[in-house]
Amino acid sequence: GMATNAQIIPVKVLDSTGFGTDAQVICGLDYVAGLAHSQPGPYVVNLSLGDSNRPGETTCGSSALHQSICKLTGAGVTVVAAAGNDGTDAANFVPAAYDEVIAVSAFTDFDGQRSFAGCQADFSDYGYECDDMLASFSDYGSVVDVTAPGVHILSDWNNGGLNTISGTSMAAPHVAGAAALVLGANP
């Protein structure tokens with residue numbers, strides 16, 4: 001919805017319940033790296049996924065997943081990742097904790113304005129939230145690069161249709177779309 005002229009290449013790396021292994025994610029990342037090497041870009045990858053309680057390794061060779069992310073960014077691909085929904089330090093949420101990715105936290109925006117519009121308690125997914133604030137569930141910390149709207153976001157849903165949900169997985173696509181617009185204007 002942000003970069004309406006961008007071509008979307010869906011790469012499924014999780015199963016129907018939303019779970020997967022590092023190997024599955026790496027396979028998808030390697031697929032995109034191959035595209036970036038063979039077809040002109042620019043490319044942006046949105047990773048609305050992650051694993052908590054895994055400290056972000058500092059070097060590209062420290063894990064196979066980190067190595068794959070580094071391979072992707074080395075191919076010129078911009079990587080955006082959700083920071084996590086545990087309300088804790090995102091330094092333990094991989095791949096958002098990696099330096100090579102743009103880590104995205106979620107904030108609440110009820111009115112699209114930079115003015116406080118109060119608090120609401122009518123969210124079935126996360127409950128009570130206040131306008132223009134970091135979402136209560138959002139991971140935070142020094143590894144986070146940016147925040148984006150992530151509360152009560154209309155999104156495509158399983159088996160077609162739409163659903164309104166909250167999470168950093170809803171915030172990250174806003175940033176991926178903005179990155180695509182920037183790169184489209186100035187690769």
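This one's a predicted model, so the numbers in the text were calculated from it and none came from an experiment. Just the heavy atoms: all of them, side chains too, but no hydrogens, waters or symmetry mates, feed the values below.
When all heavy atoms of A3 and A180 are compared, the closest pair comes out as CB-CB, 3.9 Å. Counting all heavy atoms, side chain and backbone alike, V143 lies closest to A91 at CG2-N, 3.7 Å. Residues V80 and A172 come closest through the heavy atom pair CG1-O, 3.6 Å. Between P187 and A185 the shortest heavy-atom distance is CD-C, 3.9 Å. For the residue pair L49 and F93, the shortest heavy atom distance occurs at O-CE2, 3.9 Å. Closest non-hydrogen pair, D109 versus G112, comes out as OD1-N, 2.9 Å.
To the nearest 0.5 angstrom, N92 atom CG is 10.5 Å from D51 atom CG. Note: L29 CG to Q24 CD = 12.0 Å, rounded to the nearest 0.5 Å. Note that OG1 of T21 and CG of D15 are 9.5 Å apart. Values are rounded to the nearest 0.5 Å. To the nearest 0.5 angstrom, H37 atom NE2 is 10.5 Å from Y43 atom OH. To the nearest 0.5 angstrom, I153 atom CD1 is 9.0 Å from T108 atom OG1.
Between S63 and Y98 the shortest side-chain heavy-atom distance falls below 4.5 Å. Using a 4.5 Å cut-off on side-chain heavy atoms (C-beta onward), T168 and V104 make no contact. Proximity of F137 to V151: side-chain heavy atoms (C-beta onward) are separated by under 4.5 Å at one or more points. In this structure, V32 and I9 have side chains that are not in contact, with every pair of non-hydrogen atoms separated by 4.5 Å or more. Here the side chains of H66 and E100 are in contact, with some heavy-atom distance below 4.5 Å. M133 is not listed as a side-chain neighbour of C119, based on a closest heavy-atom distance of 4.5 Å or more. Between S68 and D30, the closest side-chain pair of non-hydrogen atoms falls below 4.5 Å.
Applying the 6.0 Å contact sphere to CZ of F116 captures more than 12 heavy atoms from other residues, nucleotides or ligands. By the neighbour-count criterion of 12 heavy atoms within 6.0 Å, atom CD1 of I8 is sparsely surrounded, having that number or fewer from other residues, nucleotides or ligands.
Checked by atom type and distance alone, the side chain of S105 pairs as donor or acceptor with a backbone atom of D139 at under 3.5 Å. H174 places no side-chain N or O within donor-acceptor distance of the main-chain N or O of M2, the cut-off being under 3.5 Å. With hydrogens and angles disregarded, a donor-acceptor distance shorter than 3.5 Å links the side chain of S166 to the backbone of H152. Checked by atom type and distance alone, the side chain of D131 pairs as donor or acceptor with a backbone atom of F110 at under 3.5 Å. Between the side chain of K71 and the main chain of T73, no donor-acceptor pair closer than 3.5 Å is present. Checked by atom type and distance alone, the side chain of D132 pairs as donor or acceptor with a backbone atom of S115 at under 3.5 Å. With hydrogens and angles disregarded, no donor-acceptor distance shorter than 3.5 Å links the side chain of S138 to the backbone of A135. The backbone N or O of A103 sits less than 3.5 Å from a side-chain atom of D145, completing a donor-acceptor pair.
Tracing side-chain contacts under 4.5 Å through hydrophobic residues (I, L, V, M, F, W, Y), one reaches V94 starting from V45; they form part of the same cluster. One hydrophobic cluster, built from ILVMFWY side chains closer than 4.5 Å, cannot hold both V175 and V79; they sit in different ones. I26 is connected to V77 through a chain of hydrophobic side-chain contacts under 4.5 Å among Ile, Leu, Val, Met, Phe, Trp and Tyr, so both are in one cluster. Neither L154 nor W157 shares a network with the other; the hydrophobic side chains, linked directly or stepwise wherever heavy atoms of I, L, V, M, F, W or Y lie under 4.5 Å apart, form separate groups for each. Using a 4.5 Å cut-off between side-chain heavy atoms of Ile, Leu, Val, Met, Phe, Trp and Tyr, with links allowed through other members, I102 and I69 fall into different hydrophobic clusters.
Residue pairs meeting the side chain to side chain donor-acceptor pair (under 3.5 Å) criterion with at least one member in residues 2-11, sequence neighbours excluded, do not occur.
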